[in-house]
Novice: 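Please see the structure below; I have some questions.
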Amino acid sequence: METLKLLCDYFPTAVFTGKCLVFISEDWRVELTEHKDSDFSKADVQPSIIRIKIFKKALNGEFVPGHYEDFQLSSL
């Protein structure tokens, strides 16, 4: 969650819900969630995995899930 809190400082229009960082516009919703690597056999600490999910607003007004992607940020 530390990475999402730092990213929230870069994006003042985003909302940190405690679980994810959310961006909402009239037609789109973007969510960023943070996942830690649970492989304890690795000696060095790996950066968190950030998953971005993109939702598009359908004709009925509901946000429909679309594409998602995982990435890592080495430093902020």
Side-chain angles (χ1 to χ4, degrees):
M1 298 295 173
E2 299 84 29
T3 304
L4 294 180
K5 290 176 186 174
L6 290 173
L7 285 174
C8 192
D9 293 338
Y10 287 99
F11 301 103
T13 59
V15 176
F16 181 65
T17 66
K19 181 180 170 184
C20 63
L21 190 61
V22 180
F23 305 83
I24 298 178
S25 71
E26 193 170 312
D27 296 320
W28 299 92
R29 175 184 174 109
V30 178
E31 295 180 358
L32 277 72
T33 53
E34 184 175 356
H35 306 276
K36 295 281 187 187
D37 189 2
S38 60
D39 186 0
F40 298 111
S41 65
K42 296 179 181 175
D44 56 342
V45 176
Q46 296 292 322
S48 299
I49 296 171
I50 304 296
R51 175 168 286 175
I52 183 169
K53 295 180 187 177
I54 301 173
F55 300 80
K56 179 160 178 53
K57 188 178 273 188
L59 295 174
N60 64 1
E62 298 288 323
F63 285 106
V64 179
H67 182 74
Y68 74 90
E69 187 75 30
D70 293 340
F71 63 95
Q72 290 180 309
L73 297 171
S74 57
S75 68
L76 289 176

Novice: What pairs of residues pass the salt bridge (charged side-chain N to carboxylate O under 4.0 Å, His left out) test when at least one of them lies in residues 57-74, not counting sequence neighbours?
Specialist: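 Passing the test, one end in residues 57-74: R51-D70.
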
Novice: Show the nearest heavy-atom pair for residues P47 and L73, with the distance to one decimal.
Specialist: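 It is CB-O, 3.3 Å.
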
Novice: Between OH of Y68 and CD1 of I52, what distance do you get to the nearest 0.5 Å?
Specialist: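 Taking OH in Y68 and CD1 in I52, the distance rounds to 13.5 Å.
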
Novice: Which atom names give the shortest non-hydrogen contact between F63 and F55, and what distance separates them?
Specialist: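 In terms of heavy atoms, the two residues are closest at CB-CB, 3.9 Å.
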
Novice: How close do E34 and S48 get, heavy atom to heavy atom, and via which atoms?
Specialist: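 Of all heavy-atom pairs spanning E34 and S48, the closest is OE2-OG, 2.8 Å.
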
Novice: Quick check: closest heavy atoms across A14 and F23, and the distance to 0.1 Å?
Specialist: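 Shortest heavy-atom contact: CB-CE2, 3.4 Å.
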
Novice: Report yes or no: do V22 and F71 belong to one cluster of Ile/Leu/Val/Met/Phe/Trp/Tyr joined by side chain heavy-atom distances under 4.5 Å?
Specialist: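 No, because V22 and F71 fall into different hydrophobic clusters, even though each may have its own neighbours under 4.5 Å.
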
Novice: Enter the distance from L6:CG to L21:CG here, rounded to the nearest 0.5 Å.
Specialist: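 Rounded to the nearest 0.5 Å, the CG-CG separation comes out at 11.0 Å.
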
Novice: To the nearest 0.5 angstrom, please state how far the CG atom of L32 sits from the CZ atom of F16.
Specialist: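 Those atoms lie 11.0 Å apart.
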
Novice: Hey, quick one: are I24 and Y10 part of the same hydrophobic cluster, counting side-chain heavy atoms closer than 4.5 Å, chains of contacts allowed?
Specialist: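 No; tracing contacts between hydrophobic side chains, which count when under 4.5 Å, never links both residues.
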
Novice: Of the non-hydrogen atoms in K19 and L4, which two are nearest, and what is the gap between them?
Specialist: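 Minimum heavy-atom separation between K19 and L4: O-CD1, 4.1 Å.
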
Novice: Between CD1 of I50 and NE2 of H35, what distance do you get to the nearest 0.5 Å?
Specialist: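 Those atoms lie 8.0 Å apart.
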
